[in-house]
Enquirer: 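Below is a structure I'd like to ask you about.
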Amino acid sequence: MNRRVTTAVTMGVREFRRTPVLLALLAFLPAYIIGAFVLLVPDVDVPATIGEATVTVPMADFAAAFMTPVTVAILSGIVGLFLVQTSQAADDRLRLAGYSATDLVVSRVGTLGLGTVVVTAASVLVAVLAFTPVSIVPFVAATLLVGLTYGILGVVVGIALGRLGGVYVMLFAPMVDVLMFQNPLATDAPEWITLLPSHYATNALFDAAFTSSVDAGDFGGALAYAVALLAIGVLVFYRATAVE
C-alpha cells in the first residue's frame with residue numbers, strides 16, 4: 001500500500017506541474033497580495049486587539065501578517081479544488097490498476113498536504129521579507145493550519161460545486177472569513193465568528209506575529225476544526241471515488 005500511495009502522490013504532483021494557472025498563482029499571488037498591501041499602506045502605527053490585549057504595531061507589519069492567512073487560504077483552497085478536478089482521470093486509471101478507494105483517499109490527502117506546505121512556505125517567505133514575527137515557529141504552524149483547513153474545504157467544494165462554482169467560492173470565502181470577520185482592528189465582533197474556518201488559526205497567527213505568548217487553546221481549536229473538516233472531506237472524497 002505504501003508503494004501505491006507514493007506512486008499516486010507522485011502522479012498528483014505531476015498533474016499540478018502540468019497546470020500552468022495553478023503554478024502562476026503560486027508564484028504570483030503571495031507577492032502580489034502581501035507585497036502590494038505592505039507597499040500601499042501608510043507608514044503609521046495602528047492599535048490592534050490581540051487576544052485580550054491591545055498592541056500598537058506598524059501598519060506595514062500588520063498588513064504583512066494579516067494578508068498571509070488570506071493568501072494561504074485562497075491558494076490552498078484552489079489547490080484542493082484543482083486536486084479534485086485534475087485527479088479524476090488519474091483515479092480512474094489507478095482503479096483499473098487495482099487501487100482501492102482507501103488507497104486513493106490516502107494518496108490525495110498526502111498530495112493535498114504537500115501542496116499546502118508549498119503554499120505556506122511561499123506565503124511565509126514573502127511575509128517575513130516584510131516583517132519579523134515575534135514567534136516565528138508558531139506563526140508558521142498557524143499559517144499551515146489555515147492552509148490545511150481551506151485546502152480540505154477546497155476538496156469538498158470542488159466535489160459539490162465543480163470547477164467554476166468552486167473557484168468563485170474559494171476566492172471569496174477567505175476574503176469574507178479573514179478580511180471581514182477576523183480583523184484585529186475591528187471591535188465588537190459577533191460571537192458566531194468562532195464558527196468560521198480560520199477563526200482559531202488566525203487568532204494563533206496574530207498572537208505569534210505580535211506577542212511572545214501564544215494561546216494553546218487557539219491551536220487546539222484550529223487543529224480540531226481541521227481534523228473535523230478532514231473527516232468530512234475524506235468521507236465525501238471516499239464516496240466520490242468508491243467503486244460502485
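Any value given below was found using the heavy atoms of this structure, including those in side chains, with hydrogens, waters and symmetry copies removed.
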Enquirer: With a 4.5 Å heavy-atom cut-off, do L153 and P197 have their side chains touching?
Expert: yes
Enquirer: In the single-linkage hydrophobic clustering (I, L, V, M, F, W, Y; side-chain heavy atoms under 4.5 Å), do F139 and V126 co-cluster?
Expert: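 Same cluster: F139 reaches V126 through Ile, Leu, Val, Met, Phe, Trp or Tyr contacts under 4.5 Å.
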Enquirer: Would you say V167 ends up clustered with V70 if hydrophobic residues are merged whenever their side chains have heavy atoms under 4.5 Å apart, either directly or through other cluster members?
Expert: yes
Enquirer: Does the side chain of V46 come within less than 4.5 Å of P58's, by heavy atoms?
Expert: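 They are not in side-chain contact.
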Enquirer: Treating Ile, Leu, Val, Met, Phe, Trp and Tyr as nodes and any side-chain heavy-atom pair under 4.5 angstrom as an edge, say whether F28 and L75 lie in one connected cluster.
Expert: yes
Enquirer: For P30 and T71, which heavy atoms make the closest approach, and how far apart are they?
Expert: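 That closest heavy-atom pairing would be CA-CG2, 3.6 Å.
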Enquirer: Is L196 reachable from L171 through a run of hydrophobic residues whose side-chain heavy atoms are each under 4.5 Å from the next?
Expert: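 Hydrophobic grouping puts L171 apart from L196.
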Enquirer: Short question: side chain of T211, backbone of A208 - any donor-acceptor pair under 3.5 Å?
Expert: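 Such a contact is absent between T211 side chain and A208 backbone.
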Enquirer: Answer yes or no: is there a donor N or O on one side and an acceptor on the other, between the side chain of T202 and the main chain of H199, under 3.5 Å?
Expert: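 Answer holds: yes.
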Enquirer: Give a yes or no on whether F37 atom CZ has more than 12 heavy-atom contacts from other residues, nucleotides or ligands under 6.0 Å away.
Expert: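 No.
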Enquirer: Closest approach of V38 and A130, non-hydrogen atoms and distance?
Expert: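 Closest heavy-atom pair between V38 and A130: CG2-CB, 3.9 Å.
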Enquirer: Taking the side chain as every heavy atom from C-beta outward, state whether P184 and F66 have any pair of such atoms under 4.5 Å apart.
Expert: yes
Enquirer: Taking only residues two or more places apart in sequence or in another chain, which ones pass ring-ring contact (aromatic ring centres under 6.0 Å, His included) with F181?
Expert: W192
Enquirer: With sequence neighbours left out, what residues match V156 under side chain to side chain contact (heavy atoms under 4.5 Å, CB included)?
Expert: none
Enquirer: How long is the straight-line distance from OH of Y225 back to CG of L148, given to the nearest 0.5 Å?
Expert: 14.0 Å
Enquirer: What's the verdict on side chain to side chain contact (heavy atoms under 4.5 Å, CB included) for F62 and F131, showing C-alpha distance, side-chain angles and the deciding distance?
Expert: CA-CA 9 Å; F62 176 80; F131 89 115; over 6 Å; no
Enquirer: Who else is in the cluster with L40 when I, L, V, M, F, W and Y are joined by side-chain contacts under 4.5 Å?
Expert: none
Enquirer: Enter the distance from I34:CD1 to S123:OG here, rounded to the nearest 0.5 Å.
Expert: 5.0 Å
Enquirer: Give, for atom CG of L223 and atom CG of D218, the distance between the pair rounded to the nearest 0.5 Å.
Expert: 12.5 Å
Enquirer: For the atom pair OG1 (T56) and CZ (F210), what is the distance rounded to the nearest 0.5 Å?
Expert: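 Answer rounded to 0.5 Å: 11.5 Å.
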Enquirer: Using the rule given for side chain to side chain contact (heavy atoms under 4.5 Å, CB included), can you reason through I74 versus M170, listing the C-alpha separation, both sets of side-chain angles and the distance that settles it, and then say yes or no?
Expert: CA-CA 6 Å; I74 292 173; M170 299 320 299; over 6 Å; no
Enquirer: Find out whether L112 and V79 are in side-chain contact, i.e. whether some heavy atom of one side chain is under 4.5 Å from a heavy atom of the other.
Expert: yes
Enquirer: What distance do L144 atom CG and S76 atom OG have between them, rounded to the nearest 0.5 Å?
Expert: 8.0 Å
Enquirer: Distance from L185 atom CG to M59 atom CE, nearest 0.5 Å?
Expert: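 One gets 6.0 Å once the value is rounded to the nearest 0.5 Å.
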Enquirer: Mind checking whether T149 and L229 have side chains closer than 4.5 Å, heavy atoms only?
Expert: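 Heavy-atom side-chain distance check passes, below 4.5 Å.
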Enquirer: Please name the pair of heavy atoms, one in T194 and one in Y200, separated by the smallest distance, quoted to 0.1 Å.
Expert: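 Taking T194 first and Y200 second, the nearest heavy atoms are O-CE1, 3.6 Å.
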Enquirer: Could you tell me which non-hydrogen atom of V41 sits nearest to which non-hydrogen atom of A63, and how far apart they are?
Expert: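 Heavy-atom minimum between the residues: CG1-CB, 4.0 Å.
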Enquirer: If you measure only the distance, is there a donor-acceptor pair under 3.5 Å linking the side chains of S198 and D177?
Expert: yes
Enquirer: Between Y150 and I78, is there a donor-acceptor pair closer than 3.5 Å when you use the side chain of the first and the backbone of the second?
Expert: no
Enquirer: Do any N or O atoms from the side chain of T132 and from the backbone of V128 form a donor-acceptor pair under 3.5 angstrom?
Expert: no
Enquirer: I'd like to know if L195 and L230 are part of one continuous hydrophobic network [Ile/Leu/Val/Met/Phe/Trp/Tyr, side-chain heavy atoms within less than 4.5 Å].
Expert: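 Different hydrophobic clusters.
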Enquirer: For the residue pair N203 and D215, establish whether any side-chain heavy-atom pair is separated by less than 4.5 Å.
Expert: no
Enquirer: Within the structure provided, determine whether L81 and V155 are in side-chain contact (heavy-atom separation under 4.5 Å).
Expert: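 Side-chain contact under 4.5 Å: no.
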Enquirer: For P174 and V169, which heavy atoms make the closest approach, and how far apart are they?
Expert: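 Smallest interatomic distance, heavy atoms only, reads CD-O, 4.1 Å.
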Enquirer: Within the structure provided, determine whether M67 and L179 are in side-chain contact (heavy-atom separation under 4.5 Å).
Expert: yes
Enquirer: Where do V214 and A204 come nearest, in terms of heavy atoms and distance?
Expert: CG1-O, 4.4 Å
